[in-house]
Protein chains: 2
Amino acid sequence: MWTIIVHNEDDVTMEIIRRNTDYSIRALVHLALNPDIEVTAGEIAEEQDVPLEYLQKILQKLTRGGFVNAHRGAYGGFYLAREPKDINLLEVIETMQGKLAMNKCFLGKDGCPRAPKCVLKYNWLQLEQTITSHLSQITLQDLVEQVKEGGLPKGGG
Amino acid sequence: MWTIIVHNEDDVTMEIIRRNTDYSIRALVHLALNPDIEVTAGEIAEEQDVPLEYLQKILQKLTRGGFVNAHRGAYGGFYLAREPKDINLLEVIETMQGKLAMNKCFLGKDGCPRAPKCVLKYNWLQLEQTITSHLSQITLQDLVEQVKEGGLPKGGG
DNA sequence: TAATTGTGGACTATTATTGTCCATAATGAG
DNA sequence: CTCATTATGGACAATAATAGTCCACAATTA
């Protein structure tokens, strides 16, 4: 018995997690590893190897999203607004990349006038539900524990 | 066509299914609705409202991917290379957009030196498995049936 | 042989994402 | 009060990904 395995001709992979989300997670992990103090964008940028100016934009989003609090002025900086166990991956991803929803119709160029009866749509929503459920169960705390267990420098791992 | 639509603060949607996959599915549905004959790219383009030149590129990929067969010359065109029930969404998506892979490490800028022990990675692969399984269970036949049941013009629905 | 139709490559256009810059507001230290 | 510090917000630029176009050519058939 044999199988033909077809790889995409260019061997490209479709990425779900973009760089801004990646950077966000690094920043959040960094803050979680440094509780009770305020960490500047500059320090996070250097430690986590993220372009400072871009990180600032990202931190603004995280601030507006209620993940971190910011404090201006000398000795100011950022700190987590919630417990690491109360921050999950889904909300970070959705804050950075938009809300996860797979319910756009597959068929045809004219939209779907009979969505309520559509079997596929049901299938779809089910998948969406599975994905969001999975992602919402991974917390910042989980990530931090992985880092600590690994004993790696700078939160890398 | 499905899309992971995400809303974030700017009401942006994060699309998982790109336009080329969308077009691909329209083309495949069109061919499935017209069995036993060869349909030109021009006809598909017009019926399914897809730019002809771009569709040609897409049909080339579908040909190389083994989804359709092509026949040059007068009265030539495209036709399905397999039964609609034997074509599933996952393979179409991966052919057009690349292999779905969520196993990129989350933590740190230095990659993951201890991947084998990583709890998150396990979680990740599990989610990937769930997604691919779901998608592979939706066939072109399912889509065609939806279209036929809907009785919509031009395969729309 | 001529008309038709797909192929392959190179090219351009458009859009999304990432990254940068600067003026300004808030904060705290001296 | 003044200055250094740090985040904020908006605009802008660079890059990358995606979508779309063009053209010469190969295959096919009337």
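Letters go in sequence order (proteins before strands), and every chain restarts at 1.
- Protein atom CG of A/Asn69 is 15 Å distant from nucleotide atom C1' of C/dA26, rounded to whole Å.
- Think of the region where chain A sits on DNA chain D: with heavy atoms and a 4.0 Å cut, that region ends 5' and 3' at D/dT5 to D/dA11.
- A/Ile44 and A/Tyr79 are members of different hydrophobic clusters when ILVMFWY side chains are connected at heavy-atom separations under 4.5 Å.
- Protein atom NZ of A/Lys61 is 12 Å distant from nucleotide atom C1' of C/dT18, rounded to whole Å.
- Residue A/Arg64 holds its CZ atom at 11.5 Å from OG1 of A/Thr95, rounded to the nearest 0.5 Å.
- Contact annotation: A/Asn20 side-chain N/O to C/dT17 OP1/OP2 distance is not under 4.0 Å.
- Where B/Gln60 and A/Glu53 meet DNA chain C, the nucleotide closest to each residue was compared, and B/Gln60 sits on the side nearer the 5' end.
- Side-chain N/O atoms of B/Arg19 include none lying less than 4.0 angstrom from OP1 or OP2 on C/dT15.
- Contacts of B/Gly42 with the nucleic acid, taken as non-hydrogen atoms under 4.0 Å apart, are absent.
- Taking all atoms of both residues into account, the shortest heavy-atom contact from A/Gly66 to A/Ala81 is O-CB, 3.5 Å.
- Taking atom OH of residue B/Tyr79 and atom C1' of nucleotide C/dG6, one finds them 13 Å apart after rounding to whole Å.
- B/His71 has no side-chain polar atom (N or O) that falls below the 4.0 Å cut-off from OP1 or OP2 of C/dT4.
- Using a cutoff of 4.0 Å between basic side-chain nitrogens and carboxylate oxygens, B/Asp22 and B/Arg26 are scored as salt-bridged.
- Computed from coordinates, the B/Leu55 CG to C/dT5 P distance equals 14 Å when rounded to whole Å.
- A donor-acceptor contact shorter than 3.5 Å is absent between the side chain of B/Gln56 and the backbone of B/Ala41.
- Rounded to whole Å, the distance from CD1 on B/Ile58 to C1' on C/dT7 is 15 Å.
- Inspection of the B/Gln137 and B/Ser133 side chains reveals an N or O donor paired with an N or O acceptor under 3.5 Å.
- Under the 4.5 Å side-chain criterion, counting only non-hydrogen atoms from C-beta, A/Phe67 is in contact with A/Val92.
- Distance, B/Leu59 CG to C/dG8 C1': 14 Å, rounded to whole Å.
- The distance between atom CG of A/Leu52 and atom P of C/dT18, rounded to the nearest whole Å, is 17 Å.
- Between C/dT17 and A/Tyr54, no contact under 4.0 Å exists linking OP1 or OP2 to a side-chain N or O.
- Phosphate proximity of C/dT18 to A/Arg18: present, with a side-chain N or O under 4.0 Å from OP1 or OP2.
- Not a single donor-acceptor contact under 3.5 angstrom links the side-chain atoms of B/Lys57 to the base of C/dG6.
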